[in-house]
K.L.:
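Below are the structure tokens for one structure; questions will follow.
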Amino acid sequence: MNKKYKILVFLMLLFISVSVKAETVTQEFIDGVWSYHYRNGDVWTFGNLPYNYLEGKLVYCIQPDARITTSNYYTYGDFSLSGYSEDVRREMELISYYGYGYEGHNTLKYYMATQELLWLFSKDEYIKWTTSNSRSSSEIDISYEKEEIKKLIRSHDVLPSFSNINFETNVNDEIELIDYNSVLGKYDIEIDESINYEINDNKLILKPSIKGEYIINFNPKVNYNSDTLIYDDFSIRTQTLASFGKPSLNSFSIKLIVNPKNRIIINKTDEDNNNLEGVSFEIYDKDYNIVDNIVSSNDKTSSKELAKGTYYVKETKELYGFVKDDNLYEINLNDKDEELNIINEKIKCEVTVISMGNDNKIDASFNIFDRNGYLIYSGSTINGVLKVELPYGDYVLKEISVDNGYLLNNKEVNFTVNDISCTSTLSILNEEIKMPITTSTNYKLNYMLLFLFNIGGLFFVKKNN
Amino acid sequence: MLKRIIKLFIFISSFFLFIPTIKEYEYKRKVKRIIKENNNTYLGYISIPKFNYENVIDNKDNALDNNQIYLTDFSDKIGGNNIVLAGHNNRYVFNKIYYLNVGDSIIISDFNMDYLYEVIDSKYINVDDFDSLKIDNSLILLTCSSDNQKRYIVISIRK
């Protein structure tokens, strides 16, 4: 730092009221650790490495070409007073943070490495560490420590591998984001409350419950922020010291698009629009993987919630008495439930009703009722034969009229139509009606003849008397 | 001698002339007793006020032979829609129905409830003419013609 600059800074401090406080600096020199500072290819200066403390706090030398000439130092929050830029300040903060005092870095060599890396922002080109003030004494190798610190610094600004990427998932689906950079732990997550999340090492598991587009912010944990201070007494030439706050960390965000989930609603009915309960379906995704099995109820039947996409529905088990639907139905689920109407046809069997007289076919009319007593068919025979197509079930056949001359058969005939008795014949016998024989027995003439005979007899007897 | 034989014949045959009347009287008494006792042996009875005639109704095969009114097997029950009653054409049963006229009343009963009918028609039908017997809300009395070749029916409608 040249003299003009220091004078300028001093004058500025005179005119600008800056609140500073005098603090006492102490030095604790380390035996057997000497630093040689090279500039222009040669030793510029050298000295015994001290631990510098300001009111007990370890501070670093950031001006190797000056010595501490006073015990009273003033604290400044304006890092520019050191003559270094803000970029350098951040670099120094990183060195300080990952250097001495960082987890596992509490050795002297890490202190040396930290100090060296800070010095290299000055005009020093190279630092050589020796065990004494003799240039030919043993050199202390701290290359490992320096590299460790640099490695950590390089990873400081590395974001999680999934940063600044848009992700897409579905409501209530879990999405797992893996941070292959293993830096996820540095961040706090700012996330919508409708999204459940869990952090498991380098995995972030998200489970959104409401559709929408969400921005998830990843903010550095608060302990990464604190002040960087410099210490000096600009009224005299003395070494500038510094203590560093924790380096800032960049925030980032990701975008999560949560697609809604919807259902496939199946209306399973027969030809008469009656709901059919117990029909099984499989739902496949576009790759024909089974995603759901459902069984129809006596109302609309819904699949589970499915992400938008193309699905296929197929009937896998029909109801007894119904023709299986072998169609593969394609459904495109988008932003709403999709309904699918599937009608099952009833298996129908031909039932033959024959109306018989004593020994011949006669015509009659019949009603057929289902098991609940509802009239489902009414018809008449032709030449004594009636063919009716009926679905599986239990029925009652009742004759309602018959040809003249035959008695109506009042017996109700219960019959069942199923796969075993699909083609059945029912014979209904009708007795022939016989007109009652109501003989006429009129004895009037007989009695009249007898009466006349008696009268004639009486005349005959009277005449012969 | 011949005169004596004729006198004896006249005397004896005069008794025969009264036998049917006596038998009819006895039968009427029997019917009245049955109706009065109401022992559920029969399905019901018929009453024709015009002739002060009553007789029991049954559907047993021997009902006709017993000079009862026969509820035909193609008839509805008493109180039903189309009742057809048959009876022999004799003095105990239905020989008087030839004298029923339009407007005359006929009553049938199942011992619990009486049903009143009014005569609207009468005619001869062939023995296979069952269509003539199918009339709604009717009571049809059926008997043989005097030559037994046809059937005589009296059609009455429920009042």
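Within every chain, numbering begins at 1; the chains are lettered A, B, ... in the order of the sequence lines, protein sequences first and strands thereafter.
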K.L.:
Please state whether the side chain, the backbone, both or neither of A/I455 comes within less than 4.5 Å of a heavy atom of chain B.
P.N.:
neither

K.L.:
Less than 4.5 Å to any heavy atom of chain A: does that hold for the side chain of B/I125, its backbone, both, or neither?
P.N.:
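Only the side chain of B/I125 comes within 4.5 Å of chain A.
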
K.L.:
How far does CZ of B/F130 sit from NZ of A/K434, to the nearest 0.5 angstrom?
P.N.:
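Between atom CZ of B/F130 and atom NZ of A/K434 there are 10.5 Å.
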
K.L.:
Give a yes or no on whether the backbone of A/T438 and the side-chain of B/R151 come within a donor-acceptor separation of less than 3.5 Å.
P.N.:
no

K.L.:
Please test A/I437 against B/H88 for side chain to side chain contact (heavy atoms under 4.5 Å, CB included), starting from the C-alpha separation and ending with a verdict.
P.N.:
CA-CA 8 Å; A/I437 300 172; B/H88 280 313; 5.7 Å; no

K.L.:
Can you confirm whether more than 12 heavy atoms, excluding those of B/D61, are under 6.0 Å from its CG atom?
P.N.:
no

K.L.:
Is it the case that over 12 heavy atoms from other parts of the model lie below 6.0 angstrom from the CD1 atom of A/I382?
P.N.:
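Open.
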
K.L.:
Looking at B/K50, I'd like to know if its NZ atom is crowded, meaning that more than 12 non-hydrogen atoms belonging to other residues, nucleotides or ligands lie closer than 6.0 Å.
P.N.:
yes

K.L.:
Checking heavy atoms, do the side chain of A/L407, its backbone, both or neither come under 4.5 Å from chain B?
P.N.:
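Interface part for A/L407: side chain.
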
K.L.:
Counting only non-hydrogen atoms closer than 4.5 Å, does B/N67 touch chain A with its backbone (N, CA, C, O), its side chain (CB onward), both, or neither?
P.N.:
neither

K.L.:
Does atom NZ (A/K300) have a neighbourhood of more than 12 heavy atoms from anything else shown, all under 6.0 Å?
P.N.:
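Count not over threshold, so no.
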
K.L.:
Relative to chain A, which segment of B/T72 carries a heavy atom at a distance below 4.5 Å: side chain, backbone, both, or neither?
P.N.:
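For B/T72, the contact with chain A is made by the side chain alone.
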
K.L.:
For A/E431, does the CD atom sit with more than 12 other heavy atoms under 6.0 Å from it, leaving out its own atoms?
P.N.:
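Open: at most 12 neighbouring heavy atoms sit under 6.0 Å from CD of A/E431.
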
K.L.:
Chain A heavy atoms under 4.5 Å from B/L142: which part of the residue, side chain, backbone, both or neither?
P.N.:
both

K.L.:
Are there over 12 heavy-atom neighbours, none belonging to A/N372, within less than 6.0 Å of that residue's CG?
P.N.:
yes

K.L.:
Inspect the surroundings of OH in B/Y25 and state if more than 12 heavy atoms from other residues, nucleotides or ligands are less than 6.0 Å away.
P.N.:
no

K.L.:
Passes side chain to side chain contact (heavy atoms under 4.5 Å, CB included), B/L133 versus A/M435? Steps please.
P.N.:
CA-CA 11 Å; B/L133 300 176; A/M435 194 68 86; 3.9 Å; yes

